[in-house]
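What follows is a set of notes on a single structure, which appears directly below.
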Amino acid sequence: FEEKQGIRQGRSSSADKYKAGKNRLLHQLDCYTSNRIGHLPVGAIMVADDLVITAKEPYRQQISLNIAQCDAAKDRYKFNTDKTKTITLNSNDDHVFHLNGKPLGSSMAELHLGIVRNSQGDNTATNTERIKSARRATFSLLGAGYYGVNGVGPCVASFQYKAYVVPTLLYGVEAIVPNTDDLKRLDQAHKKSLRRMQGLPDSTAIPGLYLLIGIPTIEALIHIRALCLFRSIIAAEKPSPPSIFIKELIQRQLAMKDNSSHSWAAYIRKLLQRYQLPNPSTLISDVPTKKKWAKVVKTAVNDHWLKTLVEEAKCKKSMSFLNAEKCSLSDTHPVWHDLHCPLDVMKATVKAKMLLQRYPLLTSHTARNQRSETCMLCKQEPETTSHFLLHCPALQKERNIYMPRILNTCRCQNISIGSEQVTKIILDSNHLNHPDRSHEITCRNMIYKLHTRRANLLGSETRYKSRT
């Protein structure tokens, strides 16, 4: 049917039809700026009503501004001279450009499509803005219970984090080639959020942060988004001139750039090789569907990083109780399951700290024999995790309530009842042949009872010593 009233603002076709109406202006600007990558003109780039004009010579830039001004006068619209800025790259000369008879202000950095463009050409400013925006998104979730141990459980918090914070943190990052410093800054913000979400201290082993919460590393998340963006570009689902132009540009860069290049196309080629995915030419000739490609990419990337994290976990002494082989990067660990109130979250947090050996037992605090490892409750053995859970006489009353059920579960599944094996089963239900939800809840309640009893006994002993 014939459209007579135009397109409503915000509709999906609004931006493309606006650019189609301004196609004449873009062709004129491309002719005068003469900026090209190969045979493809890149002098004028328009996204919706956002126009970027590039030129190698100052006089060509001024001519392009005059052309844009004439087109605005002809179609009766105006460019905002206060928002229009100029950035000079790879040159120390200062040039003043004019638009609508007014001089344009120069800037060292400007935000464009979520990426800060600056004269240095680095991404430090972009990462800083992304981290700030992610922090604001985190604060906005406080009303929904996203605030650590006293809020919603890590299962719900991880869903909130992946749905709201991660897209904000990585907005636009998939379109750039991050270096080591960029990844380090984003990774620090990512790990800090995971620690606070699970109530774990800063000294927690890095593999444990990801394996318990079931969220991949920041590098894996960036790679997934970049590979999905590559598929969207080569698919060109909307046969518009901008989509076709970007596809031709990617094809040209893939043909001209090798893996030593800093081009985004070379970056994508290396990612496909790293995760053993089809090469770019195969994907361009036979583009997979969006859902199929997203599933293939997530599976390949998660499997690669899960294998890496499991190998690192085996080398960590503090992760000897965790059955890393049964962990996943798409689901939370059973230690965070079945949490229905803040008290359950607190119990699970105590168990998670003990599972990763971050619970403050005397053996974990000893530094160069400056402190005795002997249990302060029974004065008989070193206060190891097994001693605390199974052998300390001062905690036997609380232990007798839950241990018969735990030992019965071991016997039913034909598991040897040794101190080390029972300790692992209490801390991680994945060591069972058939994990049981009731077993996880029983172990969680027992550990919390032992924890509160130990705290009370140590507190009363400290008060007695202070009186004497």
Side-chain angles (χ1 to χ4, degrees), residues 35-42 45 47 54 112-115 117 121-124 126-127 130 166-167 169-187 190 216-309 329:
N35 272 2
R36 294 180 181 275
I37 299 178
H39 68 286
L40 300 171
V42 291
I45 303 171
V47 178
T54 63
H112 178 65
L113 302 180
I115 301 175
R117 312 290 182 176
D122 59 14
N123 302 316
T124 303
T126 300
N127 294 331
R130 294 294 94 224
V166 170
L169 179 63
L170 301 183
Y171 178 75
V173 179
E174 68 271 19
I176 61 178
V177 182
N179 55 31
T180 304
D181 293 336
D182 299 333
L183 292 175
K184 184 177 180 180
R185 296 191 64 190
L186 293 172
D187 187 53
H190 183 54
T217 64
I218 198 68
E219 190 174 357
L221 294 174
I222 293 174
H223 292 171
I224 291 173
R225 295 170 71 89
L227 291 172
C228 290
L229 175 62
F230 174 71
R231 182 262 161 206
S232 299
I233 292 174
I234 63 176
E237 295 172 346
K238 294 182 179 180
S240 59
S243 301
I244 297 174
F245 170 80
I246 296 175
K247 182 178 179 180
E248 292 178 354
L249 179 61
I250 290 296
Q251 289 176 320
R252 190 259 178 195
Q253 295 297 90
L254 287 171
M256 298 297 295
K257 302 295 182 179
D258 58 9
N259 286 350
S260 62
S261 171
H262 296 289
S263 171
W264 189 80
Y267 169 65
I268 291 297
R269 186 195 295 116
K270 287 186 284 187
L271 290 184
L272 293 173
Q273 294 173 355
R274 180 177 184 178
Y275 297 114
Q276 300 180 357
L277 295 170
N279 58 57
S281 58
T282 303
L283 293 174
I284 292 174
S285 61
D286 185 14
V287 182
T289 62
K290 184 176 181 180
K291 290 184 178 180
K292 181 180 178 180
W293 179 244
K295 183 178 179 180
V296 170
V297 168
K298 288 181 180 179
T299 302
V301 175
N302 286 345
D303 288 348
H304 172 85
W305 284 99
L306 178 60
K307 182 179 179 181
T308 302
L309 292 172
L329 290 180

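Everything numeric in this text was worked out from a predicted model, so none of it was measured. Values reported hereafter were calculated over all heavy atoms of this structure, with side chains retained and with hydrogens, waters and symmetry mates removed.
Counting only residues at least two apart or on different chains, the side-chain hydrogen bond (donor to acceptor under 3.5 Å, both in side chains) pairs with a member in residues 273-288 are Glu219-Arg274, His223-Tyr275, Asn259-Gln273, Tyr275-Trp305, Asn279-Ser281, Asn279-Thr282.
Between the OG1 atom in Thr299 and the CG atom in Leu306 there is a gap of 11.5 Å [rounded to 0.5 Å]. For the atom pair CG of Leu186 and OG1 of Thr126, the computed distance is 10.0 Å after rounding to the nearest 0.5 Å. Between atom CD1 of residue Ile233 and atom SG of residue Cys228 there is a gap of 11.5 Å, rounded to the nearest 0.5 Å. One distance of note links NZ of Lys257 with CH2 of Trp264; it measures 15.5 Å at 0.5 Å rounding. Within the model, atoms CD of Gln251 and CE of Met256 stand 14.0 Å from one another, a figure rounded to the nearest 0.5 Å. Here the straight-line distance linking atom CG of Leu229 with atom CD1 of Ile224 works out to 13.5 Å at 0.5 Å rounding.
When the side-chain contact (heavy atoms from CB on, under 4.5 Å) test is applied to Asp181, the partners found at least two apart in sequence or on another chain are Asn179.
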* **Pair Leu254-Ile284, side-chain contact (heavy atoms from CB on, under 4.5 Å): steps then yes or no** => CA-CA 11 Å; Leu254 287 171; Ile284 292 174; 4.0 Å; yes

* To do: Decide yes or no on side-chain contact (heavy atoms from CB on, under 4.5 Å) for Phe230 and Ile250, but give the supporting numbers first.
  => CA-CA 9 Å; Phe230 174 71; Ile250 290 296; 3.8 Å; yes

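By the 4.5 Å heavy-atom criterion applied to side chains, Trp293 and Leu277 are counted as neighbours. With contacts defined as side-chain heavy-atom distances shorter than 4.5 Å, the pair Pro280/Leu283 does not qualify. Proximity of Asp182 to Val177: side-chain heavy atoms (C-beta onward) are nowhere separated by under 4.5 Å. Between Thr308 and Thr217, the closest side-chain pair of non-hydrogen atoms is not below 4.5 Å. In this structure, Val301 and Leu221 have side chains that are not in contact, with every pair of non-hydrogen atoms separated by 4.5 Å or more.
For Leu271 against Ala226, the heavy-atom pair with the smallest separation is CD1-CB, 4.3 Å. Among all heavy-atom pairs drawn from His190 and Ile218, the shortest one is CD2-N, 3.6 Å.
With hydrogens and angles ignored, the 3.5 Å screen pairs no side-chain donor or acceptor of Arg225 with any backbone N or O of Tyr171.
For Lys270, the NZ atom counts as densely surrounded, since its 6.0 Å shell holds more than 12 non-hydrogen atoms of other residues, nucleotides or ligands.
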